[in-house]
Amino acid sequence: MSLIKTDNLTFEYIRRDDEGNVEGITRAVDDVNLDIERGQFIAILGHNGSGKSTLAKHLNAILYPTEGTVWIDGMKTSDEANTWNIRQTAGMVFQNPDNQIIGQVVEEDVGFGPENLGVPTKEILERVEESLKTVGMWEYRKHSPNKLSGGQKQRVSIAGVIAMHPKCIVMDEPTAMLDPSGRYEVIRAARALNDVEKMTIILITHYMEEVIYADKVFVMDSGRVVMHGSPRDIFSQVDALRELRLDVPQVTLLAHELKKKGLDIPDGILTIDELVNALKRSR
Ligand code: ADP
Ligand code: MG
């Protein structure tokens, strides 16, 4: 059974005036079909306004489809009786860590989620330790979150989500507000969660470098999934991505330009090592 499945998912935001008359309709998600297996690392790309956050909110039963259906671990999100279980199954991490951290001390913050779930105290302590160690923040457990860097705060938010033992984590541009080293820390933590803990990760981002390790990439435009495939499939299509107002990783772009100049190198180069090897072979 798929962990996440959407069937012709469509969502419209409806704007009304003071009398309740419909003023405008924005179709933010348009006929999206996803089928995500447990253990996958999925990336969702798309420029601003392409519908990524609206889609993400359907995976956590924050929004319900206007048309179509979403199942999380077999539970239909439109059935309100499932909401509690769905939110425990699919944890969310948002852009701004300051809106997600409520505790005065790191370990206390991470413990809030399991505490709300009614987890016994002894187990809460175990979960806090395990989660903070997973994201590399255990040594900061007694610190105040206010004093941490952006990347550290975001890792504490992620620990707070993992402490609830979800089956998957949806991260909606978790690195958008971070500096490069913070971005690196968060992506490394996300990859470790997937590699080591086999946690299913849905990473929404517009930083291309962050998706090269994904199992599968979906590209959104105007609410639709317009491209999907492995990172290599996606980044082989430099011109199509540019039309969608998306960049490609710098090394992919360099390889693409060198190829256009006549060098014999393949499409979809993702890393510097790959480019170096391709250049050696092309001589
Ligand atoms: P992304 O996360 O890719 O930037 P969003 O899902 O936030 O995209 O937005 C998709 C579309 O829906 C955009 O046109 C946006 O203006 C519109 N939208 C988003 N949130 C709302 C809202 N609360 N009310 C009305 N329209 C919205
Ligand atoms: Mg968004």
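Read the numbers this way: they start at 1 and go in the same order the structure lists the ligands and their atoms. Scope of the values below: all heavy atoms of this structure, side chains included, with no hydrogens, waters or symmetry mates.
One finds no salt bridge joining Lys216 and Glu37 here, because no Lys/Arg side-chain nitrogen approaches an Asp/Glu carboxylate oxygen to under 4.0 Å. A salt bridge links Glu185 to Arg155: at least one charged side-chain nitrogen sits closer than 4.0 Å to a carboxylate oxygen. With respect to Lys52 and Glu173, a salt bridge is recorded, a charged nitrogen being found less than 4.0 Å from a carboxylate O. At a threshold of 4.0 Å, the pair Lys57-Asp172 does not count as salt-bridged, since none of the basic side-chain nitrogens sits closer than that to a carboxylate oxygen. Salt bridge status for Asp30 with Arg27: present, with a side-chain N to carboxylate O gap under 4.0 Å. For Lys261 and Glu257, the salt-bridge test fails: no basic side-chain N is under 4.0 Å from an acidic carboxylate O.
For atom 24 (N) of ligand 1, the closest heavy atom belonging to the protein is Tyr13 CD2, 3.5 Å. The protein heavy atom nearest to atom 8 (O) of ligand 1 is Gly51 N, 3.1 Å. Scanning all protein heavy atoms for the shortest distance to atom 7 (O) of ligand 1 gives Ser53 CB, 3.8 Å. Closest to atom 3 (O) of ligand 1 among all protein heavy atoms lies Lys52 NZ, 2.8 Å. At the top of the distance list for atom 4 (O) of ligand 1, counting protein heavy atoms only, stands Gly49 N, 2.7 Å. Scanning all protein heavy atoms for the shortest distance to atom 14 (O) of ligand 1 gives Thr26 CG2, 3.7 Å.
Judged purely by distance below 3.5 Å, without hydrogens or angles, the side chains of Glu80 and Thr83 never pair a donor atom with an acceptor atom.
Distance screen at 4.0 Å: atom 27 (C) of ligand 1 has a protein heavy-atom neighbour inside the cut-off. Within a 4.0 Å radius of atom 16 (O) of ligand 1, the protein contributes no non-hydrogen atoms.
By the criterion of a heavy-atom distance under 4.0 Å, the backbone of His47, and not its side chain, is placed next to ligand 1.
With 2.8 Å as the limit, Thr54 does not count as an N, O or S neighbour of the Mg ion (ligand 2).
Heavy-atom proximity to atom 5 (P) of ligand 1, evaluated over Ile204, Thr54, Ile25, Asn48, is greatest for Thr54.
Taking the six-membered ring for Trp, Phe11 and His58 have ring centres closer than 6.0 Å.
Remark: side-chain polar atoms of Arg191 are not paired, donor with acceptor, to backbone N or O of Arg188 under 3.5 angstrom.
Under a 4.0 Å criterion applied to the non-hydrogen atoms of Ser50, ligand 1 contributes the atoms 1 (P), 3 (O), 8 (O). Close approach to Ala28 involves these atoms of ligand 1, each under 4.0 Å from a residue heavy atom: 10 (C), 11 (C), 12 (O).
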